[in-house]
Amino acid sequence: MSRLASGAWRPTASLAALRRRAALLARLRAFFAARGVLEVETPLLAASTVPDLHLASVRCRLELPGAPSGRGDLFLQTSPEAHMKRLLAAGSGPIYQICRVVRDGEAGRRHNPEFTMLEWYRPAFDHHALMDEMDALLADVLGAVPAERLTVAAAFARVGVDPHRDDLDALRRRAAALGLDAPSLDDRDDLLHLILSHTVEPDLGRGNGDTVRPTFLYDYPASQAALARVRPADPARDTPAVAERFEVYIDGVELANGFHELTDAAEQRRRFEADRAERARRGLPVPPLDEHLLAALEHGLPPSAGVALGVDRLVLVAAGGGALADVLAFPIDRA
């Protein structure tokens, strides 16, 4: 006799939700087909992974003929980004992918460690042109109205924070005034993320009634560039250096993250090494450098913009909200 609780073998999503999901995936593919964007597939398993401080990769050991001792240490990918950039460097032109990715340490009402991602890249686009296309996609699949567009500075100004100029002590004082417990945080970007997630994000992308109106945040602090270009400061205009990236929110939930992509191999190597050093300082696993990606950048990545969108959350918005389990056949606790 089964030791499972009654019904625990069943999917958590209804058949109606799964049909809605299938229809949305078909609509996404039609959107890109109409624009001549090529669908591609890249590996889920790879020899390296992104050293981003806020992402945790799952490491696997496979029995691989030819590998040292017959074994190979590989990583489940948190995003197809590195492989897709290698395709861009090889001359693929505009490409997209709908794939499964895995991120450790992410589980909850709006998170599942394994999830579906839509990622696409547009040569000759900057982040503003890609925001235009994201707007068109959300209008097509959700019936969304044109998005609100806010600089990160304007969004933080709503809660009395200057994300580009406030120092660590000023951010701690402001966090305390906002009712946030942050005395143990000693990293400026960690404090900004805490303030953003608790006081700014909940009000982003709020439509009226049945109207879906996304919010795009753009021009992040230069320290949060990740794999994006940095626009230098302009002292004559008293403007700070900013990362040319954007995030998309609907109903207070982050839906997508896009970059005007960094193409400088030496700068990318420097950022990877800095992230690896900080991971070591924090006692986090340190992945090997992605030399394949760095070689592709050295060969020449065309000027491009790219964005990754969480498909499960997109389906959830289309369904009117709830929990991810409502739109997944088998979330992690039933996998």
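For this chain, numbers begin at 1 and follow the sequence in order. Everything numeric here is computed off the predicted structure, so don't read it as measured data.
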Less than 3.5 Å apart, any donor N or O on the side chain of Ser304 or Glu261 sitting next to an acceptor on the other? no
Leu217 and Leu314: same hydrophobic cluster, using ILVMFWY side-chain contacts below 4.5 Å? no
Do Thr151 and Asp219 pair up side chain to side chain, a donor and an acceptor below 3.5 Å, judged on atom types alone? no
Polar contact flag, side-chain donor to acceptor under 3.5 angstrom, Glu119-Ser79: yes
Applying side chain to side chain donor-acceptor pair (under 3.5 Å), run through Arg213 and Asn208 and close with a yes or a no. CA-CA 8 Å; Arg213 190 190 183 203; Asn208 295 317; over 6 Å; no
Please tell me whether Tyr218 and His128 form a close aromatic pair, meaning their ring centres lie under 6.0 Å apart. yes
Tell me which pairs pass salt bridge (Lys or Arg N to Asp or Glu O under 4.0 Å) where either residue lies in residues 95-104, with sequence neighbours left out. Arg100-Glu114
Are the side chains of Thr42 and Gln97 in touch, meaning some heavy atoms are under 4.5 Å apart? yes
Taking the side chain as every heavy atom from C-beta outward, state whether Val242 and Gln224 have any pair of such atoms under 4.5 Å apart. no
When every non-hydrogen atom of Ser57 is compared with those of Leu76, the smallest separation belongs to CB-O, 4.2 Å
Step-by-step side-chain contact (heavy atoms from CB on, under 4.5 Å) determination, Leu25 to Val311: CA-CA 8 Å; Leu25 289 170; Val311 172; 3.9 Å; yes
Report yes or no: is the cationic atom of Arg245 (NZ for Lys, CZ for Arg) closer than 6.0 Å to the six-membered ring centre of Phe259, at no more than 45° off its axis? no
How close do Leu293 and Ala82 get, heavy atom to heavy atom, and via which atoms? CD1-O, 3.9 Å
Could you tell me whether Asp190 and Arg172 make a salt bridge, using a distance below 4.0 angstrom between a side-chain N and a carboxylate O? no
Considering non-hydrogen atoms only, spot the tightest contact between Met117 and Ala308 and give its length. SD-CB, 3.7 Å
Salt-bridged, Asp326 to Arg20, with N to O below 4.0 Å? no
Under 4.0 Å between a Lys/Arg side-chain N and an Asp/Glu carboxylate O for Glu267 and Arg229? no
Residues two or more places apart in sequence or in another chain: which of them pass salt bridge (charged side-chain N to carboxylate O under 4.0 Å, His left out) with Asp126? none
Taking all non-hydrogen atoms of both residues, which atom of Ile195 and which atom of Leu171 are closest, and how far apart? CD1-O, 4.1 Å
Which residue pairs satisfy the ring pair (Phe, Tyr, Trp, His ring centres under 6.0 Å) criterion with at least one member in residues 8-63, sequence neighbours excluded? Phe32-Tyr96, Phe32-Trp120
Is the shortest distance from a Lys or Arg side-chain nitrogen in Arg270 or Glu273 to a carboxylate oxygen in the other one below 4.0 Å? no
Arg86/His299 under side chain to side chain donor-acceptor pair (under 3.5 Å): CA gap, chis, key distance, verdict: CA-CA 10 Å; Arg86 288 163 61 183; His299 172 79; over 6 Å; no
Residues Asp135 and Arg149 bridged, charged N to O under 4.0 Å: yes
Check against side-chain contact (heavy atoms from CB on, under 4.5 Å), Phe115 and Val101: CA-CA 6 Å; Phe115 61 99; Val101 297; 3.4 Å; yes
Flag side-chain contact, heavy atom, 4.5 Å: Leu192 against Val161: yes
side-chain contact (heavy atoms from CB on, under 4.5 Å), that's the test. Do Leu137 and Leu28 meet it? Break it down for me. CA-CA 8 Å; Leu137 182 143; Leu28 289 173; 3.9 Å; yes
How long is the straight-line distance from CG of Leu301 back to CD of Gln268, given to the nearest 0.5 Å? 10.0 Å
Taking 4.0 angstrom as the limit, do Arg188 and Asp167 come out as a salt bridge? no
Which is it for Glu254 and Arg110 under the salt bridge (charged side-chain N to carboxylate O under 4.0 Å, His left out) test, yes or no, and what are the steps along the way? CA-CA 10 Å; Glu254 181 196 341; Arg110 297 289 174 86; over 6 Å; no
Work out which heavy atom in Asp166 is nearest to a heavy atom in Gly160; give both atom names and the distance. OD2-O, 4.5 Å
Chi angles and distances behind the side-chain contact (heavy atoms from CB on, under 4.5 Å) call for Arg21, Thr116: CA-CA 11 Å; Arg21 182 187 187 93; Thr116 301; 3.2 Å; yes
Of all heavy-atom pairs between Ala296 and Ala89, which one has the smallest distance, and what is that distance? O-CB, 3.6 Å
Flag if over 12 foreign heavy atoms under 6.0 Å of CZ, Arg10: no
When you check the side-chain N and O atoms of Arg59 and Thr49, is any donor under 3.5 Å from an acceptor? no
Test: Glu133 and Arg122 ion pair at under 4.0 Å: yes
Are any of the side-chain heavy atoms of Val327 and Leu18 separated by less than 4.5 Å? no
